[in-house]
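All remarks here apply to the structure that follows.
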Amino acid sequence: MPDLSHLAAVQESYDRVASAYVERVKTPAELDPLSRGMLDVFAETTRTAGLGPVGDLGCGPGRVTAHLAERNVPVFGIDLSPAMAGLARAAHPDLWFGVGSMTSLPIRDDALGGILAYYSTHHTPPESLPLVFGEFHRTLAPGGCLMLAGHVGDGRRLRPTQAYGGHPVSYASYLLPPDRIAGLLTGAGLALTARLVEEPAEGADRTYATFLARKPVLLRG
């Protein structure tokens, strides 16, 4: 069993910065065209497949969850931070938000038509990602779609002491190469269907990647 001690640091940090996070992070409408386009592709794919609800895992204040709901996707959100989940409930009272960890999802097997992990896995140590991706595979219905987006890099581990307006944080961020993330997804039994890597914008130093994958449908002879 991997060491899950990082979860306490992530939860405490995001509880602390929750209000400042909402003030500083872009809304879906403010994202670049590629990012918005990938979200719309995911929304259309999961809506038309009709395999079950979509779980926005690591939903934060629920803005992207609401973005999917506006596109007629049956969606709910789960976040490790009670403060973030509380902000999401207050802002979007028509949607359901709960508290939980991607390492042990309170969701039955094969229940989800889709999973969105939007900038929510980069605080997970690489050795714990197989557990998280295994939970994605377990809870997705056969044919269900995963969209994972986040920071990527050369394998560096970052340990900021402050974030979102100078509030103290104690989490780490792991900037894994896209090929490694893709390999971990396929190792968890998911079939990769698309990959988009966005190079840093002028004056920026972060590379972003989006992965689309499906849980294979087992054919019976």
Between [X] and [Y] (side chain of the first, backbone of the second, donor and acceptor by atom type, cut-off under 3.5 Å), is there such a pair?
X: His123; Y: Ala172; value: yes
X: Arg214; Y: Gly143; value: yes
X: Arg89; Y: Phe97; value: yes
X: Glu23; Y: Ala20; value: no
X: Thr48; Y: Glu44; value: yes
X: Thr121; Y: Ala117; value: no
X: Lys215; Y: His137; value: yes
X: Glu135; Y: Leu105; value: yes

Heavy atoms, side chains only, cut-off 4.5 Å: are [X] and [Y] in contact?
X: Glu199; Y: Thr207; answer: yes
X: Val152; Y: Leu176; answer: no
X: Val169; Y: Thr161; answer: no
X: Phe76; Y: Asp56; answer: no
X: Thr139; Y: Arg108; answer: no
X: His167; Y: Ser13; answer: no
X: Val99; Y: Asp79; answer: no
X: Val25; Y: Tyr164; answer: yes

Do you reckon [X] sits in the same ILVMFWY cluster as [Y], going by side-chain contacts under 4.5 Å, direct or chained?
X: Val41; Y: Val73; answer: yes
X: Leu34; Y: Val64; answer: yes
X: Val54; Y: Leu95; answer: no
X: Leu148; Y: Phe42; answer: no
X: Leu4; Y: Val10; answer: yes

Smallest separation among heavy atoms of [X] and [Y], with atom names:
X: Thr210; Y: Met38; answer: CG2-CE, 3.6 Å
X: Ser19; Y: Leu87; answer: N-CD1, 4.2 Å
X: Ser170; Y: Arg159; answer: O-NH2, 3.3 Å
X: Leu190; Y: Ala213; answer: CB-CB, 4.2 Å
X: Gly153; Y: Pro178; answer: O-CD, 4.4 Å
X: Gly155; Y: Pro177; answer: N-CD, 4.0 Å

Any chance you could lay out the side chain to side chain contact (heavy atoms under 4.5 Å, CB included) test for Ser35 and Tyr118, step after step, and finish with the verdict? CA-CA 10 Å; Ser35 297; Tyr118 203 70; 3.8 Å; yes

Aromatic plane relationship, [Y] with [X] - under 30° parallel, 30 to 60° tilted, over 60° perpendicular:
X: Phe136; Y: Phe133; answer: tilted
X: Tyr119; Y: His151; answer: perpendicular
X: Tyr14; Y: Tyr171; answer: parallel

Applying side chain to side chain contact (heavy atoms under 4.5 Å, CB included) to Leu39 and Leu116, what does each step give before you reach the verdict? CA-CA 9 Å; Leu39 281 171; Leu116 177 66; 4.2 Å; yes

Trace of the side chain to side chain contact (heavy atoms under 4.5 Å, CB included) decision for Ser128 with His6: CA-CA 10 Å; Ser128 295; His6 69 282; 4.1 Å; yes

Can you tell me how far [atom2] of [Y] sits from [atom1] of [X], rounded to the nearest 0.5 angstrom?
X: Ser120; Y: Leu80; atom1: OG; atom2: CG; answer: 10.5 Å
X: Met84; Y: Cys59; atom1: CE; atom2: SG; answer: 9.0 Å
X: Arg36; Y: His67; atom1: CZ; atom2: NE2; answer: 8.5 Å
X: Gln11; Y: Arg16; atom1: CD; atom2: CZ; answer: 11.0 Å
X: Leu129; Y: Met102; atom1: CG; atom2: CE; answer: 9.0 Å
X: Leu68; Y: Arg63; atom1: CG; atom2: CZ; answer: 15.0 Å

Less than 4.0 Å between a side-chain N and a carboxylate O, is that true for Asp110 and Arg138?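 So Arg138 does not pair with Asp110 through a salt bridge.
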
Lys/Arg-Asp/Glu bridge criterion (N-O < 4.0 Å) met for Asp40, Arg47: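 Looking at Arg47 together with Asp40, the answer is no, because their closest N to O distance does not fall below 4.0 Å.
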
Go through it in stages, so that I can follow the logic: the residues are Leu212 and Leu146, the test is side chain to side chain contact (heavy atoms under 4.5 Å, CB included), and I'd like the CA-CA distance, side-chain angles, deciding distance and then a yes or no. CA-CA 6 Å; Leu212 294 177; Leu146 164 70; over 6 Å; no

Partner of Leu140 by side-chain contact (heavy atoms from CB on, under 4.5 Å), out of Leu51, Ile107, Asp109, Ile115: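 The option that passes is Ile115.
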
